[in-house]
Amino acid sequence: MQVHFTFRNVESSEGVKNYAREKIARVQKYLRSPLDADVILFVERHNHCVEMSVRADGERYAAHVESEDMYASIDLVMDKV
(Lines give C-alpha, C1' and ligand atoms only; values in the text may rest on other atoms or scores of the structure.)
Protein backbone atom coordinates (compact mmCIF):
# COMPACT_ATOMS: atom_id res chain seq x y z
CA MET A 1 0.00 0.00 0.00
CA GLN A 2 1.44 3.34 -1.06
CA VAL A 3 -0.05 6.61 0.16
CA HIS A 4 1.13 9.98 -1.17
CA PHE A 5 0.25 13.12 0.78
CA THR A 6 0.11 16.72 -0.43
CA PHE A 7 -0.52 19.57 2.00
CA ARG A 8 -1.65 22.97 0.67
CA ASN A 9 -2.08 26.07 2.87
CA VAL A 10 -1.73 23.88 5.97
CA GLU A 11 1.20 22.51 7.95
CA SER A 12 2.17 18.89 7.43
CA SER A 13 1.23 16.77 10.45
CA GLU A 14 2.25 13.20 11.28
CA GLY A 15 -0.97 12.79 13.29
CA VAL A 16 -3.13 13.55 10.25
CA LYS A 17 -0.99 11.31 8.03
CA ASN A 18 -1.23 8.37 10.44
CA TYR A 19 -4.99 8.85 10.84
CA ALA A 20 -5.49 8.82 7.06
CA ARG A 21 -3.24 5.76 6.66
CA GLU A 22 -5.31 3.86 9.25
CA LYS A 23 -8.53 4.70 7.42
CA ILE A 24 -7.09 3.72 4.02
CA ALA A 25 -5.76 0.43 5.46
CA ARG A 26 -9.35 -0.55 6.27
CA VAL A 27 -10.21 -0.34 2.56
CA GLN A 28 -7.19 -2.50 1.66
CA LYS A 29 -8.77 -5.61 3.22
CA TYR A 30 -11.58 -5.52 0.63
CA LEU A 31 -9.22 -5.41 -2.36
CA ARG A 32 -7.01 -8.19 -3.69
CA SER A 33 -4.18 -6.12 -5.07
CA PRO A 34 -2.24 -3.46 -3.15
CA LEU A 35 -3.74 -0.03 -3.48
CA ASP A 36 -2.12 3.29 -4.35
CA ALA A 37 -3.67 6.43 -2.83
CA ASP A 38 -3.15 10.15 -3.38
CA VAL A 39 -4.42 12.40 -0.59
CA ILE A 40 -4.53 16.19 -0.90
CA LEU A 41 -5.29 18.11 2.29
CA PHE A 42 -5.88 21.87 2.24
CA VAL A 43 -7.70 24.75 3.90
CA GLU A 44 -9.97 26.97 1.83
CA ARG A 45 -12.04 29.78 3.43
CA HIS A 46 -11.89 28.21 6.90
CA ASN A 47 -13.05 24.85 5.52
CA HIS A 48 -10.81 21.81 5.79
CA CYS A 49 -10.84 20.01 2.46
CA VAL A 50 -9.65 16.54 1.53
CA GLU A 51 -9.38 15.12 -1.98
CA MET A 52 -8.60 11.44 -2.28
CA SER A 53 -7.92 9.19 -5.23
CA VAL A 54 -7.50 5.45 -4.71
CA ARG A 55 -6.35 3.08 -7.44
CA ALA A 56 -6.55 -0.73 -7.15
CA ASP A 57 -7.50 -3.69 -9.33
CA GLY A 58 -7.48 -1.44 -12.40
CA GLU A 59 -10.19 0.79 -10.92
CA ARG A 60 -9.99 4.38 -9.68
CA TYR A 61 -12.12 5.78 -6.86
CA ALA A 62 -12.08 9.50 -6.08
CA ALA A 63 -13.87 11.85 -3.70
CA HIS A 64 -13.75 15.44 -2.41
CA VAL A 65 -15.11 16.67 0.94
CA GLU A 66 -15.17 19.97 2.86
CA SER A 67 -15.97 20.32 6.56
CA GLU A 68 -15.05 22.27 9.71
CA ASP A 69 -12.46 19.69 10.91
CA MET A 70 -9.65 17.90 9.04
CA TYR A 71 -10.26 14.57 10.80
CA ALA A 72 -13.99 14.76 10.02
CA SER A 73 -13.13 15.49 6.39
CA ILE A 74 -10.96 12.38 6.25
CA ASP A 75 -13.81 10.28 7.70
CA LEU A 76 -16.31 11.69 5.21
CA VAL A 77 -14.06 11.22 2.19
CA MET A 78 -13.43 7.59 3.19
CA ASP A 79 -17.19 7.05 3.40
CA LYS A 80 -17.54 8.35 -0.16
CA VAL A 81 -14.70 6.22 -1.49
In the structure I gave you, are the side-chain heavy atoms of Ile24 and Met52 within less than 4.5 Å of one another anywhere? yes

Please give me the minimum heavy-atom distance between Glu66 and Ser73, naming the atom from each residue. C-OG, 4.2 Å

Heavy-atom nearest pair, Ala20 first then Phe5, reads CB-CE2, 3.7 Å

Would the Tyr19 and Tyr71 ring centres measure less than 6.0 Å apart? yes

Partner residues of Glu59 under the salt bridge (Lys or Arg N to Asp or Glu O under 4.0 Å) criterion, sequence neighbours left out: none

Any chance you could measure Glu51, atom CD, to His64, atom NE2, to the nearest 0.5 Å? 5.5 Å

Could you go step by step and tell me if Glu68 and Asn47 meet the side chain to side chain contact (heavy atoms under 4.5 Å, CB included) rule? CA-CA 5 Å; Glu68 298 292 323; Asn47 286 328; 3.6 Å; yes

Student check: side-chain heavy atoms of Lys29 and Val27 closer than 4.5 Å: no

CZ (Arg21) with more than 12 external heavy atoms under 6.0 Å: yes

Any chain of hydrophobic side-chain contacts (each under 4.5 Å) joining Leu76 to Ile74? yes

Should the heavy atoms of other residues, nucleotides or ligands under 6.0 Å from NE2 of His4 be counted, would the total exceed 12? yes

Show the nearest heavy-atom pair for residues Met70 and Cys49, with the distance to one decimal. SD-O, 4.1 Å

Group every Ile, Leu, Val, Met, Phe, Trp and Tyr by side-chain heavy-atom contacts under 4.5 Å, then state whether Ile40 and Val65 land in the same group. no

Membership question, hydrophobic clusters at under 4.5 Å side-chain separation (ILVMFWY): are Phe42 and Val50 in the same one? no

If I take atom CG from residue Asp38 and atom CZ from residue Arg60, how far apart are they, to the nearest 0.5 angstrom? 8.5 Å

